[in-house]
Novice: 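Below is the structure I would like to discuss, written out as structure tokens.
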Amino acid sequence: MSEELLGLTAAEQAERIAAGELGAEEAFEFWRDRAAGDDLGAYLWVAEDAPEGAGTLPPIAVKDLFCVKGVPSQAGSRILEGYRPPYTATSVRNLQEAGARVLGKTNQDEFAMGSSNENSGFGPVQNPWDRERVPGGSSGGSAAAVAAGRAPWAIGTDTGGSIRQPASLCGIVGLKPTYGAVSRYGMIAFASSLDQCGPLTRDVTDAAILLRHLHGKDPCDSTSLGIPGELPLPSAERLDGLRFGVWGMEEAGLEPGVAEAVNATLACVEELGGSVEQIELPNAKHGIAAYYVIAPAEASANLARYDGVRYGPRAAGDGDLTSLYEETRDDGFGEEVKRRIMIGTYALSSGYYEAYYGTAQKVRTKIAQDFSAAFEKVDFVVSPTSATVAFKLGERTADPLAMYLSDYYTVPMPLAGIPAVSIPCGLSEGLPVGFQIAGPAFSEARILDAAHALEKSIRFEGVPVG
Amino acid sequence: MTTTVTEPESRIYEPVIGVEIHVQLKTRTKMFCGCALSFGDEPNTHVCPICLGHPGTLPATNAEAVHFALMIAMAFECEIAPRSIFHRKNYFYPDLPKGYQISQYDIPLATAGRLGDVRIHRVHMEEDAAKLTHTGSSGRIHGAEASVVDFNRGGTPLVEIVTEPDLRSASEAADFGRLLQATLRRMGVSDVNMEEGSLRMDANVSIRPTGTATLGTKTELKNMNSFRFLERGIDAEIRRQEEILRKGGEVDQETLHYDPQSGNLSTLRSKEEAHDYRYFPEPDLVPVAPTEEMLGRARSALPELPAARAERLERDLELPAETARLLAFRSEWGDFFESAVDSRRELAHNVANWTTNELTSRLGDRELADTRLEPAAFAQLVELVAEKKISAGAGREVLDVLIEEGGDPAAVVEAKGLGRAESGELEGIVDRAIAENPDAVEKIRAGKGQAIGAIVGAVMRETKGRADGGEVQRMISERIRA
Amino acid sequence: MIERDQVLHVAKLARLRVSHDEVDKVAGELSKILEHVETMNELDLEGVQPTSHVVDLTNVLREDVPRPSLDRDTALEQASDATATGFRVPSPGAS
Ligand SMILES: [Mg+2]
Ligand SMILES: [Zn+2]
């Protein structure tokens, strides 16, 4: 039955469980063994035996930075090594209450800072399509696990592309919901005004099901709203009358193979009755600059609590408080995290605030205005998710800026707070290419419907798993 | 009361003082989490993942804290910001679990108010830090080896009140503090207890040549835990600055600690060590934009405040201004007084005098609440004296009893036989006194009226002061003329 | 462009260590990133409102109702240096 289960989407498995054709425990055991057998470095922890919960939905792989009571939750960082939270994140609890039990904690870039998962404090993750390549990041473990059939589905977080980019590089579906759709309570923070939790799944329907259970207003998160109205499962097969605005196809760094796959998808849009036009997002090119001020600035404060006093490992120090702080943080944080704390601290320090943080916040406004203007003319803003396919492990680690620039297509949406999905749309050099569909705030249902129609006609073949 | 200007040569300087007050709000739960507030409970028993700054936690603003803060802003006649926001104030310290304090910065809840004749610069909301206990001999920071952190206090709702530099002496600063304390206590938004730290006062002190408008370099005096120490500390700092300036030196901008025992001022932080707090808007919280409903609720929750109460007592009960102020600024005294005169307004003056003189002097630092004295009984006592049923001296004796044992004044008078000596009893005593003082009688008959004093004195001695001097005098003259 | 002493100052503010032989490398990396960041200044941002929240919410307030706290052992459980009742640290200012 293993082969059979691997061939099914999470939704199909849920149907069998509901119909009594598949036992909840049987399903959990199967996926537990699959997770335990992972050799990609996708997991940091795998559940020993079935935890509490109905199990009416297939078990879920959860990015390490989600706090789960009593379960290692380390955000991929040595500074939280062995940390077991006394509470559970609202998003995870929502899934548990819906019947999905936690299968394991997945590897990630430390504190979600990275685009290749190479910044994990616990080692890199291999891309199942080519083990010499990165799975993307920061939700690299979740993406690789789902792509390799090591998890039926997973959740991750997206701050500047951390769900969509790894989904793209691993050939699966990744959705970043509207900011405020899903509670951030219990999500170990990177950049609070950008972080959003979302699904990484085999197909669009699975993503919609997870979103249904994840979203909602949470009294523990003052910035949460939930998604107003119904979230029907995506069913569209056509795109009649829908207008798609394309941007970024002239970018220098865009690989020809990626452009080809995206253009083929645009042709597909027209076949399904949709229309395609070029649009401008004049300020999008400044997204990276604004993002790499705002995110590090917020992170520099969010990561100040890691001082070795209340939890996490503590360095010996030289007996005084300052050396204890510095040594604990020096030992615990990786290079990239330190780099971003430095940038953020500098950007907020007296005399520089306006020049950096103040300016970045204004750029953020301009980018949001670009999208509002675009949505006057079109229903969706589409682009490649990533300029390139999965790159080689170590290829970009030497050059932080080059790594940052790989977020080019995914950074503008979180800056504007709007939702976007990445769906696999073909191969380039035998590696998956992602197609990104963004819509106005809270247009998740429409985005997923469009993604569903495209998915049906693209018929992307996932990686063969064994 | 100490005064600033003592040595003649220092008269050329004028102190310029502003105060910063932190007030712990008396809500049920903390500012940003559901932990119950506590004082003196077992360490770390009122903590949760949020107030311990655990990874992934988020703050959720306490509605009642906002309500109390709005009441305070209104009590000070402030302009309330239509939309105020929280910032993160970043610095590392073991009593600050998140590595930043959530506070208000460039858009505080309220600005531009006043209390008495002192202008209020701003009123804002923030969260309190935890409690660090320094182990080792002294409780002072320096020298202690290790410290233990108790997060029970961490996250307690605070309102910070900053005045303009309108105060001109240590005693003015202390008086302002007392008015502020009386006002907030009356509002019931805080315990305003300086010893327990629910009211904390810092003072910014500078001096300048009298008559000039320029502001000198100011120093900050931290955390004085009583108004007496506040006053002494400011005085000491003013003297210190005067000496520096008189020697032609310059005052350094620094933060100082005043030790009431030694009377010494020690540097806590110099300007060089001044923090770079890297304030930025708290992304986990949304703006506070008080609605008409919120404002209305705060407005209607405001009781009569001490300043207004003093006016009313002066106007309605025709009390002297100083007496009215004394009663109004210590609301427990005011409440006691008002319930005492409740049904007998004609006694207002006497009750007021007995309250502000006899009662206060008897209690000293002791709280009214710790006595057995009932307002009604107090009023009856004052009435007995007013109607000359007992003498003032006897009244004081009865008061002492009522304070310690409570009860009904008439009964006490009875039990102690303090009632007026009746004329029947008096006649005998008077006759005897006359008989025993023939020469005084001679003098009186010779027109030396004042000689009667000797006889009156004899009667008073005999009656242990229970007789009424006027009546005794009348009886004596009657008899002598007859 | 960020200078050596700025790097050291920022490291101090952030309680991070930058050894003296790292300073130039770090200054170089940060400067390169900041150089890109400063391309924002090409934009005319006259009169543009800054965005710090994308959600348009106000007065999200919690009722003042106590919720159970952690028991102390659970609270202290994760600390590397706890006494029976609290979290131990070297005293600030002591050394
Ligand atoms: Mg303060
Ligand atoms: Zn708490």
Side-chain angles (χ1 to χ4, degrees), chain A residues 83-84 86 179-180 193 219 222-223 225 283 286 288-290 292-293 300 304 307-314 317-322 324-327 329-330 333 338-339 341-347 349 355-356 358-366 368 400-401 404-405 415-417 441, chain C residues 2 6-7 9-19 22 26-27 29-30 32-57 59-63 70-71 74-82 87-95:
Chain A
Y83 174 65
R84 292 170 182 262
Y179 184 84
S193 76
S222 305
T223 64
L225 292 140
N283 300 287
H286 296 288
I288 297 284
Y292 279 95
V293 171
S300 70
D307 58 10
V309 173
R310 284 143 291 120
Y311 43 75
R314 178 197 287 205
D318 314 329
D320 67 296
L321 191 64
T322 305
L324 179 142
Y325 281 158
E326 289 182 354
E327 209 175 297
R329 293 163 63 79
D330 194 58
F333 290 139
K338 288 179 194 167
R339 189 176 294 122
I341 293 175
M342 291 287 286
I343 296 171
T345 305
Y346 178 71
S349 63
Y356 291 107
T359 306
Q361 283 186 310
K362 290 176 183 166
V363 173
R364 191 172 182 180
T365 306
K366 299 280 274 185
L401 185 57
Y404 295 176
L405 292 171
L415 286 172
Chain C
I2 177 166
Q6 286 174 302
V7 170
H9 171 66
V10 170
K12 189 163 175 290
L13 279 177
R15 297 295 187 275
L16 293 174
R17 280 184 177 166
V18 178
S19 69
E22 292 174 305
V26 174
E29 283 172 355
L30 297 189
K32 191 174 169 202
I33 294 161
L34 291 170
E35 222 168 275
H36 177 78
V37 160
E38 281 154 14
T39 58
M40 291 188 299
N41 301 327
E42 296 165 8
L43 289 170
D44 170 22
L45 299 169
E46 249 335 279
V48 177
Q49 284 304 310
T51 297
S52 43
H53 286 86
V54 288
V55 290
D56 181 27
L57 286 168
N59 303 331
V60 178
L61 302 173
R62 167 182 60 85
E63 260 195 72
L70 292 175
D71 68 87
T74 312
L76 298 175
E77 195 171 52
Q78 307 274 332
S80 353
D81 188 3
F87 303 85
R88 190 187 286 109
V89 292
S91 290
S95 52

Novice: Relative to chain C, which segment of A/Ser300 carries a heavy atom at a distance below 4.5 Å: side chain, backbone, both, or neither?
Specialist: neither
Novice: By a 4.5 Å heavy-atom criterion (distance strictly below it), what part of A/Leu415 contacts chain C: side chain, backbone, both, or neither?
Specialist: backbone
Novice: Name the region of C/Glu77, side chain, backbone, both or neither, that has any atom closer than 4.5 Å to a heavy atom of chain A.
Specialist: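 For C/Glu77, no heavy atom lies under 4.5 Å from chain A.
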Novice: Among the options C/Leu76, C/Leu57, C/Val18, pick out the one with the most heavy-atom pairs lying under 4.5 Å from chain A.
Specialist: C/Leu57
Novice: Below 4.5 Å from any heavy atom of chain C, which atoms of A/Asp307 appear? Answer side chain, backbone, both or neither.
Specialist: neither
Novice: Could you tell me which portion of A/Ala416 (side chain, backbone, both or neither) has an atom closer than 4.5 angstrom to a non-hydrogen atom of chain C?
Specialist: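 Looking at A/Ala416, just its backbone touches chain C.
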Novice: So which part of A/Tyr404 gets closer than 4.5 Å to some heavy atom of chain C, the side chain, the backbone, both or neither?
Specialist: side chain
Novice: Taking C-beta and beyond as the side chain, do C/Met40 and C/Leu45 meet within less than 4.5 Å on heavy atoms?
Specialist: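 C/Met40 does not reach C/Leu45 side chain to side chain.
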Novice: So do A/Met342 and C/Ile2 actually touch side chain to side chain, heavy atoms under 4.5 Å?
Specialist: no
Novice: Can you tell which part of C/Val7 gets under 4.5 Å to a heavy atom of chain A, answering side chain, backbone, both or neither?
Specialist: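 Both backbone and side chain.
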Novice: Under 4.5 Å heavy-atom distance to chain C, tell me which part of A/Ala290 shows up: side chain, backbone, both or neither.
Specialist: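 Contact with chain C: backbone and side chain both.
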Novice: Would you mind reporting whether A/Tyr346 and C/Leu30 have side-chain heavy atoms less than 4.5 Å apart?
Specialist: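 The answer is no, as the side chains (C-beta and beyond) never meet within the 4.5 Å cut-off.
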Novice: Just by distance, with hydrogens left out, do C/Glu22 and C/Ser19 show a side-chain donor and acceptor under 3.5 Å apart?
Specialist: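 The answer is yes; a qualifying pair exists.
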